[in-house]
Amino acid sequence: MAKELWKGNEAIAEAAIKAGCKFFFGYPITPQNEIPEYMAMRMPQIEGAAFVQAESEVAAINMVYGGAGSGARVMTSSSSPGISLKQEGITYIAGAELPCVIVNIVRGGPGLGGIQPAQSDYFQATKGGGHGDYRLLVLAPSSVQEAVDLTQEAFDMADQYRNPVMIMGDGMIGQMMEPVEFTDVPKRNLPEKTWATTGTKGKREHNVINSLFIDPAACEKHNIHLFEKYAEMEKNEVRVEEYNMDGAEIVFVAYGTTARIVKNAIATLGKEGIKAGLIRPITLWPYPSKTVEAAAAKANVKAFLTVEMSMGQMVEDVRLAVNGAKPVHFYGRTGGMVPTPAAIVAEAKKVLGGAK
Amino acid sequence: MAKELWKGNEAIAEAAIKAGCKFFFGYPITPQNEIPEYMAMRMPQIEGAAFVQAESEVAAINMVYGGAGSGARVMTSSSSPGISLKQEGITYIAGAELPCVIVNIVRGGPGLGGIQPAQSDYFQATKGGGHGDYRLLVLAPSSVQEAVDLTQEAFDMADQYRNPVMIMGDGMIGQMMEPVEFTDVPKRNLPEKTWATTGTKGKREHNVINSLFIDPAACEKHNIHLFEKYAEMEKNEVRVEEYNMDGAEIVFVAYGTTARIVKNAIATLGKEGIKAGLIRPITLWPYPSKTVEAAAAKANVKAFLTVEMSMGQMVEDVRLAVNGAKPVHFYGRTGGMVPTPAAIVAEAKKVLGGAK
Amino acid sequence: MAGKVIFDENTCKGCELCVRVCPVNIVHMDKERINIKGYHPATVKEMDKCIACGSCAKTCPDVVIRVEKL
Amino acid sequence: MAGKVIFDENTCKGCELCVRVCPVNIVHMDKERINIKGYHPATVKEMDKCIACGSCAKTCPDVVIRVEKL
Amino acid sequence: MAVVFQKTKGLTDKQFHYCPGCTHGIIHRLVAEVLEELGLLDDAIGVAPVGCAVFCYDYFSCDMQEAAHGRAPAVATGIKRVNPKSAVFTYQGDGDLASIGAAEIVHASMRGEKFTTIFVNNAIYGMTGGQMAPTTLVGQKATTAPYGRNEDLAGMPLRVSEMLATIPKAVFVERVSVHDIPNINKAKKAIKKAFEIQMKGLGFTFVEILSTCPTNWGKTPLESLKWLQENMIPYFPLGNFRNVEEVK
Amino acid sequence: MAVVFQKTKGLTDKQFHYCPGCTHGIIHRLVAEVLEELGLLDDAIGVAPVGCAVFCYDYFSCDMQEAAHGRAPAVATGIKRVNPKSAVFTYQGDGDLASIGAAEIVHASMRGEKFTTIFVNNAIYGMTGGQMAPTTLVGQKATTAPYGRNEDLAGMPLRVSEMLATIPKAVFVERVSVHDIPNINKAKKAIKKAFEIQMKGLGFTFVEILSTCPTNWGKTPLESLKWLQENMIPYFPLGNFRNVEEVK
Amino acid sequence: MTHEIVMAGFGGQGVMAIGKIIAEAGLKEGKNVSWLPSYGPEMRGGTASCNVIVSADPVGSPIVTGATEAIVLNRPSLDKFEKDVVPGGMLFINSSLIDKKSTRDDIKVYYVPANDIANELGNGKIANMVMLGAYIAATNAVSEDTIMEIVTEMFQGKKASVIPLNKEALAKGAECVK
Amino acid sequence: MTHEIVMAGFGGQGVMAIGKIIAEAGLKEGKNVSWLPSYGPEMRGGTASCNVIVSADPVGSPIVTGATEAIVLNRPSLDKFEKDVVPGGMLFINSSLIDKKSTRDDIKVYYVPANDIANELGNGKIANMVMLGAYIAATNAVSEDTIMEIVTEMFQGKKASVIPLNKEALAKGAECVK
Ligand SMILES: Cc1ncc(C[n+]2csc(CCOP(=O)(O)OP(=O)(O)O)c2C)c(N)n1
Ligand SMILES: Cc1ncc(C[n+]2csc(CCOP(=O)(O)OP(=O)(O)O)c2C)c(N)n1
Ligand code: SF4
Ligand code: SF4
Ligand code: SF4
Ligand code: SF4
Ligand code: SF4
Ligand code: SF4
Ligand SMILES: [Mg+2]
Ligand SMILES: [Mg+2]
């Protein structure tokens, strides 16, 4: 297939459909409206598929619970305030071990905040905005093409681990158009969904989708089971891009669109004779801690500079991985402001101790 | 006043009333039901006060927003799933800079989980379960008396910083009875609430309670303002108990009721000739990182052992503070299971490299 | 016309709802015995009077009773 | 009986709602001019016909119009 | 020998955890019997609430999902859209459905979601220990209404059936009770009708069932039935508020 | 010279951001005028929704709070309990009130919260770009109903006034429109009545106002008024559904 | 000495109440105390229990993992808590409802026919007070006088008429272990 | 070379559309491209703008901070974006609606009476195509032929009748900068 220009939001929606997603439950919110709108247009064209505009984000995530519990490939999408409303539902889905894909096209916060791009929902996504011990797989595309590829694979990941997967983009990823090629991502070998509620058909014991364990020993056991699963994910699913790392004296850590801006900055620094590299986590959870740790161990690396569209969230995971081996700095813009390459260059020079 | 036996939940409610809380908005959930029940009993006895059983936790937190925005001392309480539902409201309150007190009597998760005591909402409380960059002041009492004292002071803290304060207990704090003395906590010098919506009375411009900043530059500016405030809190409000730290070779870090259990373990270890100390964060945010860092710098300290009723959440803040200076270990029970002193002793010995 | 009612005695919670509805008044609580749940279970003394109307079973919230027509 | 209507011209958005309701049909859009918002503003040509009924003002969604009775 | 009454296959062998005399048990049985009688057990998918009936996923022998508090109608929407031929139902209490889940039940009705809701109205929060429900009567005491529900501060009980009957796609709405045998029989008929209409795909179907909570009402099971009859029925009149014939 | 019409003190000098011909502006003015005429401006506290009217906190000259999407009735409950003597109102769109905020409006009604809700029904989500609302008409196109609202899949529009009128403590419920001068006058009367009843402390008061969205309906302002009249009013009949006399 | 006590029985047998009385008495005597109930749906019909600690030292964990004493009012409670008593500890069994004997030989076991005694006194509901009487007499965790004071305060006013009955129950219980 | 282009005007003037045409054309020519719109309520009546990047290298940030070229269709857009053009860059001004001149002397400025030309052609709505024609002719960011192809594809089918008009607009625009 030739490359076509696609708007990020619509590309994500089409990618989901290509991955076999037949059920979408959502509620409008800027800057992700093109996802439900595209689904509203496409789902009626597909046999047995459904688009439901839920009455709220709370309802939407619980529709996802019901649909996922019935074994279907199900998706919802929203932006920051709507994702906050979904937190109870998300922890239920994680607790009941249901596979689904949740898209968050992040905007500025806190509260009603603004509608411009941001990355200030990192903590919420990776540390658990809901209560209890649980994890989402969190994927952070930095181009529309990557959004398409990750969305398609997300459904397989979700099914493999029976776990919710979050695609975390920002207003830029959602709104911009870029060339896209829909390729068939390699299909994983997936277990049958014998646990799904589709009616017993008189052929098996009744299936129960549930996250309640009233006996604390059973509840703990369930948690330990979940964490064994999370350990598997940590082993198998970490993704990261390393860029220009050879001989880098300063290592940027940035994800999503911010990483692209950092690449511009790296080019500028390079022209000025400063070797800068980039570690771009593609999975925000599981976090590529080993890659960061390995970089911290290199003699040429003098410092880390984490760049985020937030007041500093992912930087904690960088610090945890570096564990004191090298200084870790932070530069961020927030509330919908986007860092400029020039500002990043300046910050990098400051970190390296003045202009070179 | 002589000491009286009080159940934790009821003591917290009475403490709030003593601190001038006249409005309570809540929704039932185990194990914190005695808080709304006590408020339902007491509020009608107080002139101008009100108890409202909201239709949901979502409604309750938004009633808190309205009441706090009108300048009153307002409280809500819930337990884990209910707190997840409040996340959107909480980030709005933080964004609009409204003072209020939120009680979370934590239970096992994720999802519906169980109703026994847990500490697995640490991430949600301290890193932001809602979207955007914001912080709560999070207080973690480890006895009913401390719950009473902190609850009273919480209202002052909230008013001083115009920020929500969370009291984080667990089922044990909520359900147990202990001797309590209601003392008058020293009152802070608080600014007048000139920003509150009480009607202009024709005497001033209209007040607006708001968290929307549609211009990203304004939104960022607001975020920076918030973080200046948070820096103030970090400077002024950190609280921590250091226990038996002199010459400790192993340092426990634990909060809330878990810290009490650790104290039993320390006694046992002491009898066996092992010097163990405890750092008990009372404020979970701002975190007593300096205390932990200082302990890590001591020659006698060989290792840290964080004990939590979770799969490991606060341990990240310990690691961030220790920053690689000493090994940081973790022991946890979750889902409503409570660690025993014996198990903690065993774990400590393991950390120290076998029995001594 | 004659009926037979069988109580799964250990599942009875002694609520007495069945007692009230029997048209021939033969269901009563056995105050002599306690089942494993700790309740005095419901029972029928004069089984021959049972008309197999099924009312006791239909009102029992714990599905304790089976009714047969002989 | 005569009226006077005053348009805060730069706040007009050219929606034409006021045009429709004038009982004496004197409000019209000024196609010659563009206000700072980029719209052709509403205006009144034959002011002497105005009966100060207030309808134009009552229907204007942007509170552009003030009506006086002379 | 003929069996006049035996336990339905719609229920598992697990014993109910309900308090003695709690009519949740009767309602469970009626739903299970209807599913069996309509031959729907193999195709049925139920949704448990959060409330005393939370464990009903263990009692009904069909496939079950346990929903977050109040969200059963949203969960059922997801289930039914994926399994359009299945018999889908929610089983919800008055706190679950009429309080925290008010938006979800109104909107399932509005969309005409093709499932059946069994609404157990016992005028109290049973599971959490007797707090006020939206359906608690004026003057009735509850742990969060220790002086009795105050009409001026807490309003009057919500009549959910009457409210949903204003929604076009709520094609079957009936209120029944289980306080005596004739009413138990009527309740079963209403439940059956609701499932029949669901299977015809005509819209959303709703059966409100008045139920007792001896434990939190502080009454014996028999006193509770009487209290229901004398106090609840006058405010929550029994009867059909909407049916599909009227809709057509 | 006498002033027949001038801008009310209830509005600030800030210019509305609404699209040309959007009747949100008319409704703002009516509410502001009523507050001024009843002498309530100094004591009024309004609650802004999330919707096109989100910035109304900048337009009304009284104290204002900006609520989370759909939660204005809960926010207003908090405000009114703290300020029982103030005139409290929410201003909400159909997405805000009838969709995400359905539970909050039903429960404010149930409790009989003593504030007034101005419900702007424009049958669409204006602010987010024309998605389907609960009040979107069957067959009407919206960005999330690109083939027109499908009755079988998305149900029929919610008649909020009719629904709330079933709730005892919703003591004043009226539906009005602003598509011409006589109706604008009636709308103002209804708003005034609602505030008067609020100040008497009799219960919850509610005015639904049919409104246009030229931008997302894809029509000129004038065509929009006509469309409202010809399509919305037949489904959403104007009139009083509840008033306090009937309650007493 | 530190008393770490477990009390258990059917919901309605009043184990929470006697736990509170012990804790109140301990407080009155200037000791450190805590009272921790089991909670949750298992209370419904099932077993209710509470943990009480009375100590000269500050109370660490309010959870009793090794009980110095256990008071069990029904059979399931015996089955559940018998093993939790530390060697050398005490176990108080309501022998009216529990026909089983303890299998432990490293602890001191008291059999108190609490319901029989309560019935003799004309009120089956005060079996819990009989057990409490036995417990206090055997352990002196708090003094009998303090318990009497608490009971007197508790039933002050309208219910004052039941004070003598309660005291008698306590005394009868005490006799069982003397 | 890398073209980093800003286009801006009133909502409805079609700046998003010409941005997309440039991006489509770049893609067709095998270049790397991105198109990023401004979004949000300020679009309502206010100024709409988009950023387009056409480059031989992979596109880093899709945000244009230093524009190699800017195309402004109304006055507010000129005021907002004039300063963002890099020295040596180009600025295309719709002189029909903007009477102001640019104050920059370090860039090349083209004044295109786009609305006048469009009106002459009988359709005021294609002023954007006139601007596009001028832009392509002056920059060769993509070839005129590719633009023609895209336009032909875009209006394939029912709307085919408008193709000649659009091509004419492009041509007239091109003339303005020659
Ligand atoms: C989000 C959330 N809020 C609150 C609760 C606590 N809770 C459990 S059941 C219940 C109410 C049950 O009442 P009802 O629905 O009437 O059912 P019943 O027990 O009376 O049958 C509540 C408030 C919860 N589990 N989750
Ligand atoms: C929790 C949440 N969900 C969704 C949104 C996005 N949103 C903003 S306004 C709106 C709908 C507005 O429609 P309506 O209430 O009808 O008001 P109108 O704009 O039509 O006046 C939505 C869905 C949001 N801001 N917050
Ligand atoms: S079946 Fe009828 S007659 Fe027989 S015992 Fe039961 S209620 Fe009585
Ligand atoms: S109705 Fe059932 S549970 Fe109740 S007493 Fe009769 S047999 Fe026992
Ligand atoms: S006041 Fe009446 S008559 Fe005068 S211009 Fe306005 S609408 Fe026309
Ligand atoms: S109604 Fe107002 S905004 Fe509209 S055209 Fe007339 S004056 Fe202008
Ligand atoms: S608490 Fe009430 S509703 Fe719940 S099981 Fe007991 S009697 Fe039934
Ligand atoms: S989008 Fe619609 S509702 Fe919003 S301001 Fe424009 S016309 Fe009015
Ligand atoms: Mg109930
Ligand atoms: Mg609307």
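So you know, we letter chains A, B, ... as the sequences are listed, proteins then strands, and number each from 1.
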**Student:** Checking Val54(E) against chain A: side chain, backbone, both or neither under 4.5 Å from a heavy atom?
**Tutor:** side chain
**Student:** Quick check on the structure: residues of residues 188-202 of chain A within a heavy-atom distance below 4.5 Å of chain E, by number.
**Tutor:** Ala196(A), Thr197(A), Thr198(A), Gly199(A), Thr200(A), Lys201(A), Gly202(A)
**Student:** Once rounded to the nearest 0.5 Å, what's the spacing between atom OH of Tyr92(A) and atom CD of Gln65(E)?
**Tutor:** 13.0 Å
**Student:** Which atoms of Val50(E) come close to chain A, meaning under 4.5 Å heavy atom to heavy atom: side chain ones, backbone ones, both, or neither?
**Tutor:** side chain
**Student:** Contact part of Leu40(E) toward chain A, heavy-atom cut-off under 4.5 Å: side chain, backbone, both or neither?
**Tutor:** neither
**Student:** Are there more than 12 heavy atoms of other residues, nucleotides or ligands under 6.0 Å from atom CD of Gln45(A)?
**Tutor:** yes
**Student:** Does anything in residues 158-166 of chain A reach chain E? List residues with heavy atoms under 4.5 Å apart, or say none.
**Tutor:** none
**Student:** With a 6.0 Å cut-off (strictly less than), is the heavy-atom count around NZ of Lys229(A), excluding the residue itself, greater than 12?
**Tutor:** yes
**Student:** Under 4.5 Å from any heavy atom of chain A, what part of Ala67(E) do you find: side chain, backbone, both or neither?
**Tutor:** backbone
**Student:** Are the side chain of Asn210(A) and the backbone N or O of Glu66(E) linked by a donor-acceptor pair below 3.5 Å?
**Tutor:** no
**Student:** State, with a plain yes or no, whether a side-chain heavy atom of Arg71(E) is found less than 4.5 Å away from one of Ile61(A).
**Tutor:** no
**Student:** Is the shortest heavy-atom distance from the side chain of Ile209(A) to the side chain of Tyr57(E) under 4.5 Å?
**Tutor:** no
**Student:** Where do Ala59(A) and Ala74(E) come nearest, in terms of heavy atoms and distance?
**Tutor:** O-CB, 3.5 Å
**Student:** Less than 4.5 Å apart, side chain to side chain, heavy atoms only: is that true for Val58(A) and Glu104(E)?
**Tutor:** yes
**Student:** I'd like to know whether NZ of Lys14(E) has more than 12 heavy-atom contacts from other residues, nucleotides or ligands below 6.0 angstrom.
**Tutor:** no
**Student:** What distance do Ile45(E) atom CD1 and His206(A) atom NE2 have between them, rounded to the nearest 0.5 Å?
**Tutor:** 13.0 Å
**Student:** Which residues in residues 76-94 of chain E have any heavy atom lying under 4.5 Å from a heavy atom of chain A?
**Tutor:** Thr77(E), Gly78(E), Ile79(E), Arg81(E), Val82(E), Asn83(E), Ser86(E)
**Student:** So for Val52(A), is it side chain, backbone, both, or neither that comes closer than 4.5 Å to the heavy atoms of chain E?
**Tutor:** side chain
**Student:** Looking at Met64(E), His69(E), Arg111(E), which has the largest count of heavy-atom pairs under 4.5 Å with chain A?
**Tutor:** Met64(E)
**Student:** Could you tell me which residues in residues 63-83 of chain A have at least one non-hydrogen atom under 4.5 Å from a non-hydrogen atom of chain E, sorted by residue number?
**Tutor:** Met63(A), Tyr65(A), Gly66(A), Gly67(A), Gly69(A), Ser70(A), Ala72(A)
**Student:** Would you call Asp42(E)-Arg204(A) a salt bridge at under 4.0 Å N-O?
**Tutor:** no
